[in-house]
Amino acid sequence: MSTNDPRSEANQHAQQAAEALLQAAGVESIDLACTLGSGWGEAAGQLGEQIAEISAEDLPGFHISGVPGHSGSLKVIRTQAGLAGPKHVLVIGARTHYYEGHGVEAVAHGVRTAAAAGAGVVVLTNGCGGLNPSWSPGTPVLIRDHLNLTGTSPLQGAHFVDLTDLYSLRIRGIAQRVDPSLGEGVYAQLPGPHYETPAEISYLRTIGADLVGMSTALEAIAARAAGMEVFGISLVTNLAAGISDEPLSHQEVIEAGAAAAPRIASLLAQIITTTLEES
Ligand SMILES: O=P(O)(O)O[C@@H]1C[C@H](O)[C@@H](CO)O1
Ligand SMILES: Nc1nc2[nH]cnc2c(=O)[nH]1
């Protein structure tokens, strides 16, 4: 059954998870969802009052991530969005990566659940390799567009979705008001879990990639298909293969994320709060 049919398995699973989430948190709906990638885990603490934390294993369709640097739980935060009054943010610390082998529906489940719970905006964050030597590890970069090089889609059947302006110009404008030094780039999602060869990075530069990772693009497609406004921001955790002579490791990704965490947590919290105030 096509994923644009509410009766599809994927959408039914998301509906079930959303009901369980809202009941566990004791709220009527979610206003904005934020998926935390490597290095972004401290943002939740700066958003407002945590009113619930739910383990991924207690929600249908979620998985405790096997990837270090991902918390394995979802949090509901009540934030004071100015005159707009209290808003609820779902912080998804339990992203499923395509390379974890649970299938593409599991990758999209978090954003579909957020949409089913009422979220109109999704903020996708990640840790990634940088192809631009001027973006040293620790640099946050706005996602302007993406290259989905996974060879798959979270959508199936006659579910034709336009992606021409997928990454919200409005929220990118908010982010650049918060921090005018923020650059923008094209994010390429590869299947992983291996990193790229220098030859592949050279190819990716040729086809227009500025950032390379293993998440985000598939989630963004599913979020747009669910009618959400999508914003993405990457943390460059390392120079991509061959850009420097250094070998790559997930430990390096974690360490770069930890070093940048306080600064990018504050940045992300300001972007989210302003977005809620202006939504
Ligand atoms: O969830 P993200 O995309 O931040 O996780 C990063 C990218 C890979 O999944 C992994 C490789 O180090 O960390
Ligand atoms: N594919 C990919 N994902 C990453 N996540 C963090 N760094 C990298 C990288 O260099 N390549």
Side-chain angles (χ1 to χ4, degrees), residues 33-44 56 62-74 91-102 104 106-111 122-133 135-141 143 146-151 185-205 207 209-221 223 232-261 264-265 268:
C34 176
T35 295
L36 296 179
S38 301
W40 294 91
E42 292 187 16
F62 285 87
H63 302 273
I64 297 274
S65 174
V67 182
H70 295 70
S71 73
S73 69
L74 293 85
V91 178
I92 303 172
R95 154 185 275 162
T96 296
H97 299 84
Y98 187 51
Y99 57 73
E100 293 180 66
H102 298 298
V104 73
V107 170
H109 184 61
V111 295
V122 66
V123 172
L124 300 170
T125 69
N126 62 62
C128 71
L131 282 71
N132 179 340
W135 290 336
S136 55
T139 303
V141 181
I143 298 175
H146 79 222
L147 294 163
N148 171 13
L149 302 179
T150 63
V186 174
Y187 175 94
Q189 179 178 356
L190 279 84
H194 57 282
Y195 292 114
E196 296 68 38
T197 64
E200 287 166 339
I201 293 300
S202 175
Y203 156 72
L204 289 171
R205 284 184 86 153
I207 65 170
D210 303 293
L211 307 161
V212 60
M214 304 179 198
S215 67
T216 305
L218 293 174
E219 291 149 290
I221 295 166
I233 185 166
S234 292
L235 174 70
V236 174
T237 55
N238 57 278
L239 290 179
I243 306 282
S244 80
D245 298 335
E246 294 299 312
L248 278 66
S249 73
H250 190 60
Q251 183 55 35
E252 173 193 22
V253 170
I254 296 292
E255 288 170 359
I264 62 174
L268 186 59

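Along the sequence shown, residues carry numbers from 1. No experiment lies behind these values; they were computed from the predicted model shown. Each ligand, and each atom within it, is numbered from 1 in the order the structure gives.
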When you look for protein heavy atoms under 4.0 Å from ligand 2, which residues do they belong to? Gly127, Cys128, Gly129, Tyr195, Glu196, Val212, Gly213, Met214, Thr237, Asn238, Leu248, Val253
Identify the two heavy atoms, one from [X] and one from [Y], that lie closest to each other, and give their separation to 0.1 Å.
X: Ala240; Y: Val212; value: CB-CG1, 4.0 Å
X: Cys128; Y: Tyr187; value: CB-CE1, 4.0 Å
X: Ala241; Y: Thr197; value: CB-C, 4.0 Å
X: Ala43; Y: Leu268; value: CB-CD2, 3.5 Å
X: Pro140; Y: Gly138; value: CD-O, 3.4 Å
X: Pro191; Y: Leu149; value: CD-O, 3.6 Å

Restricting to side-chain hydrogen bond (donor to acceptor under 3.5 Å, both in side chains), what partner residues turn up for Glu100, sequence neighbours left out? His97
Pocket residues of ligand 1, ordered first by chain and then by residue number (heavy-atom cut-off under 4.0 Å): Gly37, Ser38, His70, Arg95, His97, Tyr99, Asn126, Gly127, Tyr195, Met214, Ser215, His250, Val253
Partners meeting side-chain contact (heavy atoms from CB on, under 4.5 Å) with Glu252 (sequence neighbours left out): Asn238, Leu248, Ser249
Just checking, is any N or O donor in the side chain of Ser215 or Asn126 under 3.5 Å from an acceptor N or O on the other one? no
